[in-house]
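Down below is the structure, laid out as structure tokens.
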Amino acid sequence: MTYKRNIVITGGAGFIGSHVVRLFVNKYPEYKIVNLDKLTYAGNLANLKDVEQKPNYKFVKMDICDFDAFYQLMQDEHIDGIIHLAAESHVDRSIKDPFTFARTNVMGTLTLLQAAKLYWESLPEKYEGKRFYHISTDEVYGALQMTHPEGIEPPFSTTASSSEHHLAYGEDFFYETTKYNPHSPYSASKASSDHFVRAFHDTYGMPTIVTNCSNNYGPYQFPEKLIPLFINNIRHRKPLPVYGKGENVRDWLFVEDHARAIDIIFHRGTIAETYNIGGFNEWKNIDIIKVVIKTVDRLLGRKEGEDLNLITYVTDRLGHDARYAIDSTKLQKELGWEPSLQFEEGIEKTVRWYLDNQEWMDNVTSGDYQKYYDAMYQGR
């Protein structure tokens, strides 16, 4: 079958990637979607069982640093679009092992760029109709000051039109023009990859787009991240380790809203532009933890808030940024995107999913999912 487009989505078995793959496979049956993933600890094909039999879906196990393999894939599948999500993303891991983050996030991105450049330039139409879309993070911008750290007491409105909540902790935000100032090995590696993407446009004319997104939450997130980790710990009444005093502020976005933004930007975004994607939804870590505890307790039939005593304050993370806050006005005005869920709705949906999918959680936390796929793809 000849498809209208042939798109590779890197990191498609991961948290955000699996939501993007699912959206594209289901929404665009006229596209062939190639899910490329190395299946490291954070990649899990169980995230995509509902689409793995679709005729327009294909999985390829590959390291994005393998230039020869990726260049061959570009030729074999006639790839005309790349949505690049594959990355090492956990700050704590980057502090312990910065080399892995530099290899995957910097050299992996450069590998994809160079392979795409060589393949697309070999075609009669060259870059016409092609697109390299690189997904990055708000952490490349560094940290913002909390000019009124007491903020506004939750709950509060979390709609995109609510300036009150967007001004909860300060008047400064990350804009597309904000100067890069990364503070961790993770954010430094992502900043470097962003620069390479833009350099390939400026040097070679490659049709690139970069987006920088705030913290995502939702189903299928690997349970080393705050929300799924704490949901699981509350269920089993394990300690909830909170860095410092839990005063750090993050802007949270439901993952399906991020996937919708990626869809819109891939199709209608302006080449060589940057778009910030955020939830207009700032929360202190300690406040979000308390909401998660109360929600889990209620859904498990416990007395609401009875597990607040599981909170345990631990030594703060090295270089822990005080506040992130994304301004998504450009994306809203130019392409019409805005978050669809209020935070309370998103958290309710997220907690219910993890509680209803304990088998998925058990397989991930035990490592059984990785043993299964290691055996399946051994020798390939």
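No hydrogens, no waters, no symmetry mates; every other heavy atom, side chains included, goes into these values. All values derive from a computational prediction rather than experimental measurement.
The salt bridge (charged side-chain N to carboxylate O under 4.0 Å, His left out) search around Lys294 returns none, not counting sequence neighbours.
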request  = Before giving the answer on salt bridge (Lys or Arg N to Asp or Glu O under 4.0 Å), spell out for Asp80 and Lys130 the whole-Å C-alpha distance, their side-chain angles and the decisive distance to 0.1 Å.
outcome  = CA-CA 5 Å; Asp80 54 51; Lys130 311 301 189 296; over 6 Å; no

ask   = Checking side-chain contact (heavy atoms from CB on, under 4.5 Å) for the pair Tyr243/Tyr313: CA distance, chi angles, key distance, verdict?
value = CA-CA 6 Å; Tyr243 283 126; Tyr313 295 97; over 6 Å; no

request  = Apply the test ring-ring contact (aromatic ring centres under 6.0 Å, His included) to residues Trp353 and Tyr220: give CA-CA distance (whole Å), side-chain angles for both, the deciding distance (0.1 Å), then the verdict.
outcome  = CA-CA 9 Å; Trp353 187 89; Tyr220 298 109; 4.5 Å; yes

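With 3.5 Å as the limit, one finds no donor-acceptor pair spanning the side chains of Arg352 and Thr295. In this model, a donor atom of one side chain and an acceptor atom of the other lie less than 3.5 Å apart for Trp360 and Asn47. Tyr71 and Gln114 share no side-chain donor-acceptor pair at under 3.5 Å. Side-chain atoms of Ser328 and Asn276 form no donor-acceptor pair, as typed in the model, at a separation below 3.5 Å. A donor atom on one side chain and an acceptor atom on the other are found under 3.5 Å apart for Tyr41 and Arg93. In the model, Ser189 has no side-chain atom that pairs as donor or acceptor with a side-chain atom of Ser192 under 3.5 Å. For Ser193 and Asn105, the side-chain atoms include no donor-acceptor pair closer than 3.5 Å. Using modelled atom types, one finds no donor on one side chain facing an acceptor on the other under 3.5 Å when comparing Tyr186 with Asp92. Asn357 and Tyr354 are not linked by any side-chain donor-acceptor pair at a separation below 3.5 angstrom, with hydrogens and angles left out of the test. A donor atom on one side chain and an acceptor atom on the other are not found under 3.5 Å apart for Asn232 and Lys238. Between the side chains of His258 and Asn216, a donor-acceptor pair is found at a separation under 3.5 Å. Using a 3.5 Å distance cut-off with no hydrogens or angles, the side chains of Thr109 and His84 do pair a donor with an acceptor.
Side-chain N or O atoms of Arg103 include none that pairs as donor or acceptor with a backbone N or O of Cys65 at under 3.5 Å. With hydrogens and angles ignored, the 3.5 Å screen pairs a side-chain donor or acceptor of Arg260 with a backbone N or O of Glu338. With hydrogens and angles disregarded, a donor-acceptor distance shorter than 3.5 Å links the side chain of Glu306 to the backbone of Lys303. Side-chain atoms of Thr312 come within 3.5 Å of backbone atoms of Leu310 as a donor-acceptor pair (strictly under, hydrogens ignored). For the pair Lys330 (side chain) and Thr274 (backbone), a donor-acceptor distance under 3.5 Å is present. Under the 3.5 Å distance criterion, the side-chain polar atoms of Trp252 are left unmatched by any main-chain donor or acceptor of Phe280.
Put simply, the side chain of Ile289 does not reach to within 4.5 Å of the side chain of Leu308, judged on heavy atoms. Two residues are said to be in side-chain contact when any heavy atoms from C-beta on lie closer than 4.5 Å; Val140 and Asn212 meet this criterion. Leu110 has its side chain within reach of Phe200: a pair of non-hydrogen atoms, C-beta onward, lies under 4.5 Å apart.
Using the six-membered ring where Trp is involved, Tyr175 and Phe173 have ring planes that are perpendicular, over 60° apart on the 30 and 60° scheme. Ring planes of Phe266 and Tyr133: parallel class, angle under 30° (limits at 30 and 60°). Using cut-offs of 30° and 60° on the angle between ring planes, the pair Phe343 and Trp283 is tilted.
When ring centroids are compared, His201 and Phe132 stay outside the 6.0 Å threshold. A ring-centre distance under 6.0 Å is found for His267 and Tyr28.
Using a 4.0 Å cut-off between charged nitrogen and carboxylate oxygen, Lys61 and Asp37 do not count as a salt-bridge pair.
Nearest heavy-atom pair, Thr104 versus Ile64, reported as atom, atom and distance to 0.1 Å: O-CD1, 3.6 Å. Asp138 and Ser214 make their closest contact through OD2-CA, 3.3 Å (heavy atoms, listed as atom of the first residue, atom of the second, distance). A pairwise comparison of heavy atoms in Asn35 and Gly12 identifies OD1-CA, 3.0 Å as the closest pair. Taking both residues in full, the closest heavy atoms of Ser184 and Val91 are given as CB-CG1, 4.0 Å, listed atom of the first, atom of the second, then distance.
Heavy-atom contacts from other residues, nucleotides or ligands closer than 6.0 Å to CD of Glu359 number 12 or fewer. The 12-atom threshold is not exceeded at NZ of Lys245, counting heavy atoms of other residues, nucleotides or ligands nearer than 6.0 Å. Counting non-hydrogen atoms of neighbouring residues, nucleotides and ligands closer than 6.0 angstrom, the CE atom of Met107 reaches no more than 12 such neighbours. Residue Lys117 places its NZ atom among more than 12 non-hydrogen atoms of other residues, nucleotides or ligands, all under 6.0 Å distant.
Cation-pi geometry between Arg323 and Phe174 is not satisfied (NZ or CZ under 6.0 Å from the ring centre, within 45° of the ring normal).
Considering Leu45, Leu36, Ile33 as possible partners of Phe59, the one that fulfils the side-chain contact (heavy atoms from CB on, under 4.5 Å) test is Leu45.
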